[in-house]
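Heads up: the structure comes next, in structure tokens.
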2 protein chains.
Amino acid sequence: MLLRHHDAANLAAECARCGVRSASVCAVVPDEDIEQLATYTQHLEFEAGQTFINQDEPAEDFFVVTEGHARLCTLMPDGRRQVTGFASPGQFLGLAADGNYAFNAEALTPLKLCRVTRHGLKLLMSQFPQLEQRLLTEASRELSVAQGRMLLLGRKTARERLASFLTEHAGMAACRDVIVLPMTRTDIADYLGLTIETVSRTLNALRRDGLIEIDHVTRIRLLDRPALEDIAAGGA
Amino acid sequence: MLLRHHDAANLAAECARCGVRSASVCAVVPDEDIEQLATYTQHLEFEAGQTFINQDEPAEDFFVVTEGHARLCTLMPDGRRQVTGFASPGQFLGLAADGNYAFNAEALTPLKLCRVTRHGLKLLMSQFPQLEQRLLTEASRELSVAQGRMLLLGRKTARERLASFLTEHAGMAACRDVIVLPMTRTDIADYLGLTIETVSRTLNALRRDGLIEIDHVTRIRLLDRPALEDIAAGGA
DNA sequence: CGCAACGTTGATGCACATCAATCCGAGTGG
DNA sequence: CCACTCGGATTGATGTGCATCAACGTTGCG
């Protein structure tokens with residue numbers, strides 16, 4: 001995993017992935033820069049269930065996931081919960097910050113991530129302009145995803161939501177039609193704006209219709225991907 | 001409206017607002033830069049109802065609203081519609097683009113905007129680094145807003161959605177408690193993931209409860225802002 | 001084993017959608 | 001100035017998809 005000299009865009013991710021002082025990074029970044037990187041970045045680990053970003057606290061840090069999965073969610077005072085997204089390795093966390101964090105972030109599985117203070121990030125960006133560009137690209141992509149989720153939450157039926165969820169995950173993961181979900185039914189429900197009961201019932205309905213197979217609670221096989229994608233898009 | 005020399009961040013907005021060759025811009029940007037700006041930016045006007053961004057077409061342009069209001073929405077094949085946002089003067093359009101536009105944009109009122117090709121934007125950014133920074137800030141803010149809307153669409157009741165909508169608009173517009181809505185009930189419904197009937201009924205319920213007054217269909221007076229904010233947050 | 005957390009399944013309820021009249025206000029033309 | 005029209009908006013009657021409540025399975029771990 002070699003870092004191209006002029007592609008500083010991936011720097012943060014690389015630092016995180018390899019550890020700041022790894023050979024590949026040291027090979028291409030001048031020593032004084034490495035010093036700075038070491039000052040501003042930090043490697044962290046959490047076990048499943050731990051919260052590492054707290055809603056309403058000042059958004060001082062910025063994270064890159066390097067291993068494991070995390071869950072981002074927003075809470076209402078009475079306990080209602082909306083999962084706004086799941087983060088997998090390579091994803092940035094904390095972009096969507098405007099003063100205070102508007103969400104909690106919790107480890108779904110054992111999690112490793114790289115932390116940079118916002119101040120550090122600012123310095124890094126001024127030093128590696130391509131990093132800023134990369135972040136902008138990332139933010140644009142996320143915005144695009146967010147719009148899709150608004151359509152899902154505002155207008156899709158339970159069946160369409162589940163179909164969307166399944167195809168979305170099949171798309172990212174190994175291009176296989178077998179997906180392994182690192183999250184619980186409760187997480188899925190809160191992600192899709194449904195209840196666990198509805199998620200359970202709807203998955204079973206899809207199974208009865210011969211569209212999926214449920215090998216194990218967390219292991220689902222997509223038997224008819226095109227049909228699922230059609231349902232997800234609202235085309236039936 | 002003078003442009004500070006080193007704050008190129010607002011450049012695009014300024015260009016749009018004043019016209020590329022306006023005195024204030026010419027005063028602070030070298031001539032050869034102005035030439036470039038003129039090449040890449042373009043002033044456009046639309047009348048209410050016109051569509052200027054089409055879902056699924058390649059995302060080639062980037063816009064800044066300078067006058068009037070626009071509506072962004074996503075459509076499903078069977079006609080279901082989700083309004084993902086409203087744009088008012090100063091707002092950027094087209095950030096959330098990932099290959100093709102994922103939404104339609106239509107003028108709600110007579111509309112003026114400034115167009116920059118994505119290629120032009122790239123050149124502008126390399127020339128005025130602060131512009132990129134500004135866009136990143138903007139994208140972060142939008143992401144934050146998007147998360148709030150996911151919570152609204154996924155978990156809030158009709159009453160809470162309307163309260164959120166009203167306080168949101170009261171917050172932006174003149175800090176008065178009287179808001180004038182440039183959109184129809186249908187737009188509001190599709191924005192909040194409800195039907196026009198529910199919007200109408202719920203607004204009347206808020207009126208009966210003494211929380212708002214409806215002077216005119218488009219003119220609403222907030223009588224008890226704190227109570228509305230409390231409802232919006234789910235605190236009752 | 002035996003608990004505890006998670007998941008499924010069934011019966012019932014309700015918030016909001018749907019269907020169906022009216023109503024209202026801004027244009028338009030006589 | 002009024003009658004006519006027509007796209008929104010309101011209001012009411014009814015339907016339904018999903019939530020809620022409740023009971024029971026299932027899995028995994030000490």
Side-chain angles (χ1 to χ4, degrees), chain A residues 47-49 71 76 78-83 106 108-110 152-165 180-208 212-220 231 234 236, chain B residues 47-49 71 76 78-83 106 108-109 152-165 180-209 212-220 231 234 236:
Chain A
E47 22 182 293
R71 173 215 310 148
M76 288 177 69
D78 62 1
R80 274 175 285 173
R81 201 178 71 143
Q82 177 65 43
V83 172
E106 295 156 57
L108 274 176
T109 63
L152 181 145
L153 293 169
R155 292 301 183 208
K156 290 190 184 175
T157 65
R159 190 179 172 86
E160 289 163 354
R161 293 181 201 206
L162 263 301
S164 303
F165 177 74
V180 176
L181 305 171
M183 72 291 283
T184 67
R185 292 287 186 267
T186 304
D187 290 331
I188 300 175
D190 286 342
Y191 181 63
L192 299 177
L194 300 169
T195 58
I196 47 175
E197 292 95 331
T198 301
V199 168
S200 183
R201 276 187 252 270
T202 307
L203 281 177
N204 271 310
L206 292 174
R207 182 173 54 68
R208 270 195 304 278
I212 63 173
E213 235 171 50
I214 305 178
D215 304 357
H216 182 74
V217 191
T218 61
R219 220 178 102 88
I220 295 179
I231 294 171
Chain B
E47 22 183 294
R71 174 216 307 150
M76 288 177 70
D78 63 359
R80 274 175 285 173
R81 202 177 70 142
Q82 177 65 44
V83 172
E106 296 156 58
L108 225 40
T109 62
L152 180 146
L153 293 168
R155 291 300 181 209
K156 289 190 185 177
T157 66
R159 191 180 172 85
E160 289 163 355
R161 293 181 200 207
L162 263 300
S164 303
F165 177 74
V180 175
L181 305 172
M183 71 291 283
T184 68
R185 290 288 187 267
T186 304
D187 291 330
I188 299 175
D190 286 342
Y191 181 63
L192 299 178
L194 300 169
T195 59
I196 47 174
E197 292 95 330
T198 301
V199 169
S200 184
R201 278 188 251 269
T202 307
L203 281 177
N204 270 310
L206 292 174
R207 184 173 53 70
R208 269 195 303 279
D209 294 348
I212 63 172
E213 234 170 51
I214 306 177
D215 303 358
H216 182 73
V217 190
T218 61
R219 220 179 102 89
I220 296 180
I231 294 171

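- Judged purely by distance below 3.5 Å, without hydrogens or angles, the side chains of A:R201 and A:N204 never pair a donor atom with an acceptor atom.
- Contact annotation: A:N204 does not reach the phosphate of C:dT8 (side-chain N/O to OP1 or OP2, under 4.0 Å).
- Taken from CZ in B:F165 to CG in B:L192, the straight-line distance is 6.0 Å, to the nearest 0.5 Å.
- Rounded to the nearest 0.5 angstrom, A:M76 CE and B:K156 NZ are separated by 5.5 Å.
- Distance, A:R207 CZ to C:dG7 P: 16 Å, rounded to whole Å.
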Open item on the list: Would A:T157 and B:R80 count as a side-chain contact (heavy atoms from CB on, under 4.5 Å) here? Give the steps.
Closed with: CA-CA 11 Å; A:T157 65; B:R80 274 175 285 173; 4.2 Å; yes
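- Atom OG1 in A:T202 sits 8.5 Å away from atom CZ in A:R159 (nearest 0.5 Å).
- Taking the side chain as every heavy atom from C-beta outward, B:E106 and B:V83 never approach each other to under 4.5 Å.
- Here the P atom of nucleotide D:dC18 and the CG atom of A:D190 are 16 Å apart, to the nearest Å.
- The CD1 atom of A:I196 sits 12 Å away from the C1' atom of C:dT9 (whole-angstrom rounding).
- Rounded to whole angstrom, the span from the CG atom of A:L203 across to the C1' atom of C:dC6 amounts to 14 Å.
- The nearest whole Å value for the distance from the CZ atom in A:R185 to the C1' atom in D:dC18 is 18 Å.
- Straight-line distance from the CG atom of A:L192 to the C1' atom of D:dG17: 16 Å, rounded to whole Å.
- Considering CG of B:L206 and CD1 of B:I212, their distance stands at 5.0 Å, rounded to 0.5 Å.
- In the helix from C:dC1-D:dG30 to C:dG30-D:dC1, the end axes, each obtained as the rotation axis mapping the C1' atoms of four pairs onto the next four within a five-pair block, lie 30° apart to the nearest 10 degrees.
- Between the P atom of D:dA9 and the CD1 atom of B:I214 lies a distance of 12 Å, rounded to the nearest Å.
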TODO: With side-chain contact (heavy atoms from CB on, under 4.5 Å) as the test, would you mind laying out the steps for B:I220 and B:R207 before giving the verdict?
DONE: CA-CA 10 Å; B:I220 296 180; B:R207 184 173 53 70; over 6 Å; no
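- Atom CZ of B:R219 sits about 9.5 Å away from atom CD of B:E213, to the nearest 0.5 Å.
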Contacts under 3.5 Å, N or O only, protein and nucleotides 16-21 of chain C:
{"from": "C:dC16", "atom 1": "OP1", "to": "B:A158", "atom 2": "N", "distance (Å)": "2.8"}
{"from": "C:dA17", "atom 1": "OP2", "to": "B:T195", "atom 2": "N", "distance (Å)": "3.4"}
{"from": "C:dA17", "atom 1": "OP2", "to": "B:T195", "atom 2": "OG1", "distance (Å)": "3.1"}
{"from": "C:dA17", "atom 1": "OP2", "to": "B:T198", "atom 2": "OG1", "distance (Å)": "2.4"}
{"from": "C:dT18", "atom 1": "O4", "to": "B:R201", "atom 2": "NH2", "distance (Å)": "2.9"}
{"from": "C:dC19", "atom 1": "N4", "to": "B:E197", "atom 2": "OE2", "distance (Å)": "2.9"}

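- The CZ-C1' distance, from A:R219 to C:dG7, rounds to 19 Å in whole Å.
- The side chain of A:H216 contributes no N or O atom lying less than 4.0 Å from OP1 or OP2 of C:dG7.
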